[in-house]
There are 2 protein chains.
Amino acid sequence: MKLSTRGRYGLKAMFDLALYYGEGPISLTNIAERQAISVNYLEQLISPLRKAGLVESVRGAQGGYMLSRTPGTITVGSILTTLEGPLAPTDCVVIDSGDDLCDQSGYCVTKVIYEKIYESITSVVNSITLQHMIDDYEQNQGQMIVHTICECK
Amino acid sequence: MKLSTRGRYGLKAMFDLALYYGEGPISLTNIAERQAISVNYLEQLISPLRKAGLVESVRGAQGGYMLSRTPGTITVGSILTTLEGPLAPTDCVVIDSGDDLCDQSGYCVTKVIYEKIYESITSVVNSITLQHMIDDYEQNQGQMIVHTICECK
DNA sequence: TTTAATCCCTAGTTGTTTACTAAGGAATCA
DNA sequence: TGATTCCTTAGTAAACAACTAGGGATTAAA
């Protein structure tokens, strides 16, 4: 039930971009240095985020990435699901998954539990935006640790 | 963010035991057949559940396993955490984990999010007991699928 | 117009984890 | 005594995670 580095790094990167929102494109090299992530790996994470329409890119020298919308309209849920897939404890609770998972026609005592878990996770991550994180960050900057965000595992 | 077969099979097995609560020891062979799990694998799952005090065993012929308490006092959370470890999206939110995860002394914008996810999952699974599952099962027996529980993936 | 910076894409690699299978010992009932 | 059952450990094949590597496309600046 752990998030992988894809989701964790991706969230860090998106928060980094949110801090520089409105200041033009930010290069991956910059983000990678600040957040202590390999540039090559970060490229693989930003790609789906761009395809999902969460960030926009500017190619060439002095290029980089920027949020495609205001931080207040980008949820943590949209970032995490883009990189991790649905935040569901099982595949069977995900609507658009293939039919070969289990017999979906009947009632299942365990499935209702997994659905409740899924709903509660979704509800939390969809209610938090990058703007919330920025507000949180600015309020607590005094006790902030060294990096922008710690290497949360 | 998926549960592994350990948690899913373990929950199925515990629900099976709950259905036979008060009827003496149930052999793993029985459970394995009903729930379509390999006996050898199931043995590896029941072992930690026994060590956690959730089930009791009777050795020898006509032996088996039974819940150590009433189904109403055994939560889904206790079963899943026994088999999967803490249901946390990251290690850093787990209190008793080693100190080498990240600098725990400072404030972290992402950690607070992971803590909220952790709390919401914990809250759901700790509020559901095996008795709830039995009640649910008996209420919906009409639309029940073939097996006791479907092969939820 | 060249160069450097940057995005963009794909393939390969290494280590870990998952999901088992297999096998044999210990206890107990018939 | 033998069948049945719990109990434990070791091994293994496949999938996955977390990268590394390399090269092509695009563009600003020198």
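Per chain, numbering begins at 1; letters A, B, ... match sequence-line order.
- In terms of hydrophobic clustering, with Ile, Leu, Val, Met, Phe, Trp and Tyr side chains grouped at heavy-atom distances under 4.5 Å, B:V39 and B:M66 are assigned to different clusters.
- Across the interface with DNA chain D, nearest-nucleotide mapping of A:A61 and A:R6 shows A:R6 to be the residue nearer the 5′ end.
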Give the intermediate values and the outcome of side chain to side chain donor-acceptor pair (under 3.5 Å) for residues A:Y41 and A:T5.
CA-CA 10 Å; A:Y41 193 38; A:T5 54; 2.9 Å; yes
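- Residue contacts for A:L28: at a heavy-atom cut-off of 4.0 Å it reaches the sugar-phosphate backbone alone, with no base atom in range.
- Residues satisfying the side chain to side chain donor-acceptor pair (under 3.5 Å) test with B:Y114, not counting sequence neighbours, are none.
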Side-chain donor-acceptor contacts of residues 118-125 of chain A below 3.5 Å, not counting sequence neighbours, with atom names and distances?
residue: A:S120; atom: OG; partner: A:I117; partner atom: O; Å: 3.0
residue: A:S120; atom: OG; partner: B:S120; partner atom: OG; Å: 3.4
residue: A:T122; atom: OG1; partner: A:Y118; partner atom: O; Å: 2.7

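- Contact annotation for A:S47: backbone-only contact, meaning every heavy-atom pair under 4.0 Å involves sugar-phosphate atoms and none involves a base.
- Residues passing the side chain to side chain donor-acceptor pair (under 3.5 Å) test with A:T81: none are found, sequence neighbours excluded.
- Residues of residues 50-58 of chain A having a heavy atom closer than 4.0 Å to DNA chain C, listed by number: A:R50, A:K51, A:S57, A:V58.
- The side-chain contact (heavy atoms from CB on, under 4.5 Å) test applied to A:T70 returns A:Y21, A:T73, not counting sequence neighbours.
- Hydrophobic clustering of Ile, Leu, Val, Met, Phe, Trp and Tyr side chains at less than 4.5 Å, counting indirect connections, unites A:I134 with A:L17.
- Results of the side chain to side chain contact (heavy atoms under 4.5 Å, CB included) test with B:M14 over B:I31, B:L19, B:L54 single out B:L54 as the only residue that passes.
- Residues passing the side-chain contact (heavy atoms from CB on, under 4.5 Å) test with B:R50, sequence neighbours excluded: B:V55, B:S57, B:Y65.
- Shown for residues 77-85 of chain B: no residue has heavy atoms falling under 4.0 angstrom of DNA chain D.
- B:Q131 is linked by a side chain to side chain donor-acceptor pair (under 3.5 Å) to B:D135, counting only residues two or more places apart in sequence or in another chain.
- Protein chain B touches strand DNA chain C; the 5'-most and 3'-most nucleotides with an atom under 4.0 angstrom of its non-hydrogen atoms are C:dA19 to C:dC29.
- Under the side chain to side chain contact (heavy atoms under 4.5 Å, CB included) test applied with A:S78, the options A:L80, A:V76, A:I74 reduce to a single match, A:I74.
- Here chain A contacts DNA chain D (any atom closer than 4.0 Å to a heavy atom, that is under 4.0 Å), and the contacts span D:dA18 to D:dA29 from 5' to 3'.
- Applying the side chain to side chain donor-acceptor pair (under 3.5 Å) criterion to A:T82, with sequence neighbours excluded, gives no partner residue.
- Nearest-nucleotide assignment on DNA chain C puts the 5′-proximal partner with A:G60, out of A:N40 and A:G60.
- Partners of A:K2 by salt bridge (Lys or Arg N to Asp or Glu O under 4.0 Å), not counting sequence neighbours, listed by chain and number: B:D91.
- Among the atoms of the strands shown, only primed sugar atoms or phosphate atoms (P, OP1, OP2) are found under 4.0 Å from some heavy atom of A:Q62.
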